[in-house]
Amino acid sequence: MTDTAWRAQHVIFEQAAAALLRCPAPVVAAVEGFAFGGGCELGLLADFIVASESAVFAFPEVTRGIFPGIGGTQLLPRVVGGPLAKELIFTGRRVEAAEAKAIGLVNHVVSRGQARARALEIAATIAENGPVAVRQAKKAIAYGTETDLDTAMVLAIEAYNATVVTEDRREVHGALGTPPMTTMPLTLTDEQRSLKAGVAEIAKRYPGEYWRELDRERAYPEAFVAELTRAGYLAALIPPEYGGAGLGIYEAGLILETINACGANAGACHAQMYIMGTLLRHGSEAQKRAYLPKIAGGELRLQAFGVTEPNSGSDTTKLQTTAVRTGDRYVVNGQKIFISRVLQSDLMLLLARTTPVDRVKRKTDGLSVFLVDIRGIKGLEVRPLRMMMNHSTNALFFDNMEVPAEGLLGEEGRGFAYILDGMNAERILVASDSLGDGRWFVEKAVAYSNQRVVFGRPIGANQGVQFPIAKAHMAVGAAELMRNRAAALFDQGQACGPEANMAKYLAAEAAWEAANACMDCHGGYGYAEEYDVERKFREARLYKTAPISQNLVLAYVGEHVLGLPRSY
Ligand SMILES: Cc1cc2nc3c(=O)[nH]c(=O)nc-3n(C[C@H](O)[C@H](O)[C@H](O)COP(=O)(O)OP(=O)(O)OC[C@H]3O[C@@H](n4cnc5c(N)ncnc54)[C@H](O)[C@@H]3O)c2cc1C
């Protein structure tokens, strides 16, 4: 290359470096493999670096007769200190990931292949915060560290004052719990209407007799689930590149709500929708390619989610099932309780402890998530439990069950965070189950109260019968608004923990209120199997307890939304 061409090309690099350095939004660098020379400088120009254990950093320019040309000589000393920067730049010595972490060059070192995923995870957390606040903080740090402390303090206070007048600040610190602005659907689109109509058409082909028979036998609704799968409804949330419909959580919720509103039971198949999210967000590309298309096509079923244990219950971090790495596999020992649909699944998502609790900093560390192919697996005993309702629920016993190391999702030890990450989807979908139940009870109660004549008039003419149904209808409608709000936030990629939890709570309570109004107005007939009311009554009750009990939602809202002391 001629000197002129060299300089012309370098101008482009300089402009790119300046743009990156002064980018107002945070920039997180993810490094896999070599980051030499310009690559290393790009990392330094970002706000911080997430590296995989395969990452190697170096400034080998001096060995080629030049030196780091887009700021390496200025940036590296600011990060690792002058003397070490000089050594690295003068010698061109290679720095491996562990040393890079030790000298502060990178913030995190993760397993091979996971740097991008971890960087995106951190970026997603940052994106949940006030955008103006984050940018101003970045500006204050960037300019403040380049000047004397007095000037830096002035800069920081000015940047801070700029956040006071923003909507972000008012949303968080305004009236308690005032939710952020978002657009929420008030009516269904034509596509959403036809989605519901399609689901209802299938659900109505499986009438009360079908469910009653299964309920008696405690049998799984194979035909119903197979038909929903064939029609693609259970793959609603799987992105199109993996063979799914790529719909939003709102649409997924409408599917479940419609199933239950038709008198069917979405509990037989709802879990696949939210379990799959953990694989989608934290699985490697190879895992996603291996499983998601088959799940979408119905070739594989992922309906089992093994978290609850007899000795820990709602206190998940105390779970005692262990997975110990031995060569190329993990050996699992322990016990789970109330794990549903294991006998109807090919795959199970399993949460187990990989590092003993006394060897981790926080009790939430050291838990890992595995995607286990349970077809014919040795060391797993499944004992079906006869429950109040037909839910295919089991006790599981692991006796040296071997899981190939490729079954680990994401990084070892970060499983609790991955599970938490999927909670909002789970809450919104379970709220949708309850909304469907609530609608079914209200419709059934209205129909019966209009036609049952006692004392010479329809029982619905009595306020004692009519008002509880009207109240339940209002409760279902209000819960639906909260579900819609949570779903809208979720689908816009915004934080929705409070809304998702409140939706689950309110919908479960509303369904239960409707269930009782429906039972009451049916008198003795409510207890007769052929009316389906007692079956739905038993089914709807579950969502006050699982997948999380109402008390734990109240504890979440008390602590995380209202700022009250932790109560558990
Ligand atoms: C039919 C069915 C299917 C299920 N399917 C699955 C499944 O597929 N996978 C899975 O992992 N789990 C499953 N579960 C388990 C379910 O998620 C748990 O039952 C639920 O989370 C509650 O845990 P627990 O039963 O151990 O109750 P516990 O934790 O023992 O709690 C008992 C009661 O005490 C209350 N309580 C406990 N601590 C506090 C506190 N600090 N403050 C206030 N109240 C408190 C709870 O709210 C609850 O009412 C299922 C359960 C049922 C019934």
Side-chain angles (χ1 to χ4, degrees), residues 125 128 172-173 176-179 271 274-275 277-278 305-322 334-340 349-369 387-388 391 393 395-396 413-431 433-434 479 482-483 486 489-490 495-513 540-568:
T125 306
E128 285 178 7
V172 179
H173 298 281
L176 255 189
T178 304
Y274 52 80
I275 299 176
T278 309
F305 188 28
V307 176
T308 308
E309 296 194 4
N311 296 328
S312 51
S314 307
D315 196 357
T316 306
T317 58
K318 299 256 174 62
L319 62 76
Q320 295 168 344
T321 295
T322 55
Q335 197 179 333
K336 298 272 173 191
I337 189 85
F338 304 136
I339 310 305
S340 305
L349 207 67
L350 176 72
L351 186 66
R353 188 159 275 292
T354 39
T355 308
V357 76
D358 55 5
R359 287 190 16 225
V360 289
K361 256 199 246 146
R362 294 169 308 172
K363 61 188 177 159
T364 48
D365 293 339
L367 293 165
S368 301
V369 179
M387 306 296 281
M388 182 171 95
H391 207 79
T393 300
L396 306 185
R414 293 186 40 79
F416 189 72
Y418 299 159
I419 296 292
L420 280 189
D421 208 26
M423 292 292 180
N424 290 338
E426 180 199 84
R427 306 282 193 264
I428 294 169
L429 294 174
V430 168
D433 287 338
S434 292
M482 186 58 84
R483 188 279 312 263
L489 288 167
F490 186 98
C496 64
E499 290 77 11
N501 275 281
M502 290 192 280
K504 185 268 170 190
Y505 180 97
L506 294 172
E509 292 298 319
W512 189 233
E513 188 173 346
R541 183 62 175 77
L542 175 64
Y543 301 122
K544 277 166 70 75
T545 305
I548 184 172
S549 72
Q550 297 292 74
N551 273 2
L552 270 285
V553 176
L554 292 170
Y556 169 89
V557 172
E559 182 187 353
H560 296 289
V561 181
L562 302 177
L564 291 164
R566 186 179 170 87
S567 67
Y568 57 101

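All residue numbers in this chain count up from 1 along the given sequence. The shown structure was predicted, so the numbers you read here are calculated from the model rather than taken from an experiment.
The side-chain heavy atoms of R566 and Y568, taken from C-beta on, include a pair separated by under 4.5 Å. Counting heavy atoms from C-beta outward, E499 and V561 have side chains that stay 4.5 Å or more apart. D315 has its side chain within reach of T317: a pair of non-hydrogen atoms, C-beta onward, lies under 4.5 Å apart. Two residues are said to be in side-chain contact when any heavy atoms from C-beta on lie closer than 4.5 Å; T316 and L351 meet this criterion. Looking at heavy atoms from C-beta onward, E559 lies out of side-chain contact with L564 at the 4.5 angstrom threshold. The shortest distance between side-chain heavy atoms of L367 and T354 does not fall below 4.5 Å. Side chains of F305 and E426 form a contact here, defined as non-hydrogen atoms less than 4.5 Å apart. The shortest side-chain heavy-atom distance between H560 and P498 does not fall under the 4.5 Å cut-off.
Atom OG of S312 and atom CD of Q335 lie 10.0 Å apart (nearest 0.5 Å). The distance from atom CZ of R483 to atom CG of D433, rounded to the nearest 0.5 Å, is 10.5 Å. Atoms CZ and CG, from F338 and L542 in turn, are 10.5 Å apart once rounded to the nearest 0.5 Å. Taken from CZ in F416 to CZ in R362, the straight-line distance is 10.5 Å, to the nearest 0.5 Å. Interatomic distance, CG of L552 versus OG of S314, reported as 4.5 Å (0.5 Å rounding). Put simply, CG on L349 and OH on Y274 are 11.0 Å apart, with the number rounded to the nearest 0.5 Å.
The shortest heavy-atom contact between T545 and R541 is OG1-NH1, 3.8 Å. Of all non-hydrogen atoms in V430 and A546, the two that sit nearest each other are CG1-O, 4.5 Å. The two residues L489 and C496 have their closest heavy-atom pair at CB-CB, 3.7 Å. Scanning both residues, A395 and I337, for their nearest heavy atoms gives CB-CD1, 4.0 Å.
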>> What verdict does the side chain to side chain contact (heavy atoms under 4.5 Å, CB included) test give for Q320 and R353, after you've listed the backbone C-alpha separation in whole Å, the side-chain angles of each residue and the deciding distance to 0.1 Å?
In response: CA-CA 7 Å; Q320 295 168 344; R353 188 159 275 292; over 6 Å; no
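In the model, E309 has a side-chain atom that pairs as donor or acceptor with a side-chain atom of T321 under 3.5 Å. If you check the side chains of T393 and S340, you find a donor sitting under 3.5 Å from an acceptor.
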Show me the donor-acceptor pairs, under 3.5 Å and distance only, between side chains in residues 500-512 and residues at least two apart or in other chains.
unit_1	atom_1	unit_2	atom_2	d
N501	OD1	R427	NE	3.0
N501	ND2	G497	O	3.0
K504	NZ	Y543	O	2.7
K504	NZ	I548	O	2.7
K504	NZ	Q550	OE1	2.7
E509	OE1	K544	NZ	3.4
E509	OE2	K544	NZ	2.9
E509	OE2	Q550	NE2	2.9

